[in-house]
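Here's the structure we're looking at; comments come further down.
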Amino acid sequence: MALESRHLLGLEGVSKEDLTLILDTARSFREVLERPIKKVPPLQGKTIVNLFFENSTRTRISFELAERRLSADVVNFAASGSSVSKGETLKDTARNIEAMKIDMVVIRHQSAGAPHFLSRVVRANVINAGDGLHEHPTQGLLDMMTLREKHGSLEGMHVCVVGDILHSRVARSNIHGLRTMGADVSVCGPSTLMPPSIEELGVRVYHRLEDVIPSVDALNVLRIQLERQHSGLFPSLREYHRFFGVTKERVDRAPRPITIMHPGPINRDVEISADVADGEHSVILEQVTNGVAVRMAVLYLLGSSN
Amino acid sequence: MNVILKRARLIDPVQQCDTVTDILIVDGIIRKIAKSISDAGNAQVVEMHGAIAAPGFIDMHVHLREPGFEHKETIVTGCTSAAEGGFTAVCCMPNTNPAIDDESVARHVHEEGKRAIEGIVDVYPIGAVTKGRKGEELAPMAELAAAGAVGFSDDGAPVANAGMMRSALEYSAMFGRPVIQHAEDPTMTKGGCMHEGRMSTLLGLPGIAPVAEEMMIGRDIMLLRYTSNARYHVAHISTRTSVEIVRNAKREGLAVTCEVTPHHFTLTDEAVTTYDTNTKMNPPLRTTDDVLAMKEALRDGTIDVIATDHAPHTIDEKEVEYTAAPFGIVGLETALGLAMAELVEPGYLTLMQLVEKMSTNPRRIVGLPAIQIEEGAPANLTLFRPDVRWTVDIAALRSKSKNSPFHGRALVGKAMGIINNGKIRLNA
């Protein structure tokens, strides 16, 4: 079994068959992660570089763990700031990677499309670990995996992504992936934090959590950043919490238990109250474990197809 | 230079003539226009086989990059690209380094133009509206005009301050030169790199809202209404609402004109899908509906001019992340082929109207005399084949830069050559 593409640049356009293959493969790696010896050999002899142009601790660690558990050789490259301020262009960085005979590249970059650019100039497999406001496909996959493990099937379930949709690549990957798998996806947040024409991506738009809660099966709660307040997009974190905070009072009004997800890191009692984040329906730590499994699956499927 | 054009299809909007004729040019002056000229002496014979001879095209929106950015383009390479594309004149924008905000720079550019490729392409500088294009103090417009500037613009940036725009309109009105506005409200577009809409949402790229252009045009037209005798020209118009605002202002009788680029009547924001930075320009590529609005506005005369916004950048400058790439594409050598393919073939424009929008109208807007095609007049002609089909190859472009999204695109219509200032240049 192999994926249609040599790269994972986003979930937009990835077929249901490929998504299912990745999720099924991730399930078997999840079992590996429960064993006393968590290392398996499929990527032995492969070299992977983690190219992080943007700060990220958890995504990088998750990828690195996944790579090491597949027995790959791992190189980490961290550079902050754009390629321009760094003095070396992304193209030159890519050429260097090529010259060093790297097999796979995991890239996180603040500019949307940087992984696409890279995939055009290197022979290595490229995995997008988050590009600008575009996509974060492995986050989307781990969210899907977590929901699938919890609910059995994604078909027909209603998932709402809550918060700053405008600046969220997680939201976009969730929308594409979940919709392909037959889920019903909605978004909820302040109107100033909604991307233009988002409904054309096939989602319903809500501006009141109260309107979503009666029909929703899962809430994927996004981190709200203080800098958006400073750029005039919402008045204050207090007001945000009051109207969009996922609180126990709100979720308890639901007719059935709502699964709570969050891509992390959490601002406790801002976008989500601590009791909900730590509550019985929270799968936030499951997401972290599944993140490693899903990344192993992607690396394995792309790395062994060459 | 003695040349005889045999069996040329002469299209001249000034005399509203469209006829097949021979044209004899002696020492750069049109000596004779007649059905069949036999006594051409030692004149070089150019067999036109019914190809078109039209008054020389002018591109009133070009970035020649000299002085300051000669790695992208020079006056020589820019003029060569213009000649290849069939233009006998260009107006060059002042966002050079130093900016054309001082008569010495304007004179330098104008004079260098006379030397470049034997002076066959006329180079008319556009002076800055404000010193250093900073929007703070008026540039010396009268001195710039005396040094050859044919219009004023801070292009690349808008004249954002309303008080400054009012001053610019009032001051420029004294000597009858247009203020050319790059219409964009900068408070709305910071960080934007493509049209704001479904595609920007899908691609996760920061958007440029169309209303940022429309508001600025609306504001400027209100200022124009409040000012006597000023002339206002909208550079690279790109949205349906923008052309509606201009259409209404024209109906009202205001002295407003506008131009559209070939890429804005050809491509949409769908082209950004691959993150090819040659689709990054300002204003950005808009929607299918906007493209249709450009074509309709060209047809009904709301849009007066086709101008390229020729904006050369090197490959290294463009081969970077989308958000980091500079705005703009080259356009001089693809303009005619795109206009023929997108506008004339589908019937939006007649050939006569095309010539008006590439020669007659822009010359009138920047205050240049109409080109006379009559015996005794200096020959200033663009020669082109309207029906030749060709494919764009960026490697073959004469511009120093190759940043075009049209590589591999099939076009219709191609320049054969130009005649101007006593010189002839025929394309290979």
Side-chain angles (χ1 to χ4, degrees), chain A residues 9-13 53-54 81-86 88-95 107 109-121 128 130-137 165-173 175-176 187 193-203 205 231-232, chain B residues 185-214 239 241 268-280 284-290 313-327 403 405 407:
Chain A
L9 304 178
L11 296 189
E12 188 203 351
F53 291 92
E54 197 180 61
S82 72
S83 62
V84 177
S85 68
K86 188 161 60 72
E88 183 180 63
T89 65
L90 183 57
K91 193 168 135 194
D92 281 333
T93 306
R95 283 177 168 164
I107 178 174
H109 201 288
Q110 59 274 41
S111 182
H116 305 67
F117 177 83
L118 198 64
S119 73
R120 282 197 291 268
V121 290
N128 182 359
D131 63 325
L133 314 179
H134 177 231
E135 283 222 45
H136 190 353
I165 311 299
L166 178 61
H167 297 97
S168 178
R169 48 197 176 207
V170 176
R172 286 164 175 82
S173 287
I175 291 168
H176 297 308
V187 292
L193 294 176
M194 285 293 162
S197 309
I198 183 75
E199 63 286 347
E200 289 183 38
L201 269 52
V203 297
V205 180
S231 50
Chain B
D185 182 332
T187 63
M188 287 199 70
T189 57
K190 198 166 182 292
C193 59
M194 72 173 292
H195 174 69
E196 180 180 295
R198 188 182 71 89
M199 287 306 296
S200 67
T201 291
L202 204 54
L203 296 171
L205 288 168
I208 298 173
V211 70
E213 172 179 312
E214 295 150 2
T239 82
T241 301
T268 69
D269 59 350
E270 298 275 341
V272 186
T273 304
T274 58
Y275 295 96
D276 175 357
T277 56
N278 286 326
T279 62
K280 182 176 175 182
L285 297 173
R286 304 288 188 184
T287 66
T288 308
D289 182 59
D290 292 309
H313 295 291
T314 67
I315 289 172
D316 283 344
E317 288 166 328
K318 273 288 200 182
E319 280 204 330
V320 295
E321 302 86 323
Y322 203 88
T323 53
F327 291 109
N403 51 314
H407 181 62

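Note on naming: letters A, B, ... go to the chains in the order of the sequence lines (proteins, then strands), and numbering restarts at 1 for each one.
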Contact origin within A:H176 toward chain B - heavy atom pairs under 4.5 Å: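 For A:H176, the side chain is the part near chain B, not the backbone.
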
Region of A:R169 in contact with chain B, defined by heavy-atom distances below 4.5 Å: neither

Top contributor to chain B contacts, counting heavy-atom pairs under 4.5 Å, from A:S111, A:G10, A:A114: A:S111

Contact leader toward chain B among A:G113, A:P195, A:G132, where contacts are heavy-atom pairs under 4.5 Å: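 Option with the top pair count is A:G113.
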
Plane angle bin for A:H109 and A:F53 - parallel if under 30°, tilted between 30 and 60°, otherwise perpendicular: tilted

Heavy-atom pair count under 4.5 Å with chain A, highest-scoring of B:L203, B:D276, B:T274: B:L203

Spatial distance of atom OG1 (B:T239) from atom CD (B:E213) [nearest 0.5 Å]: 5.0 Å

Rounded distance (nearest 0.5 Å) linking atom OG1 of B:T323 with atom CG of A:D131: 10.0 Å

Backbone N/O of B:P326 and side chain of B:K318: donor-acceptor pair under 3.5 Å: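 The answer is yes, because a donor-acceptor pair under 3.5 Å joins these two groups.
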
A:H134 ring center near B:Y275 ring center (under 6.0 Å):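 Close enough - the centres of the two rings lie under 6.0 Å apart.
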
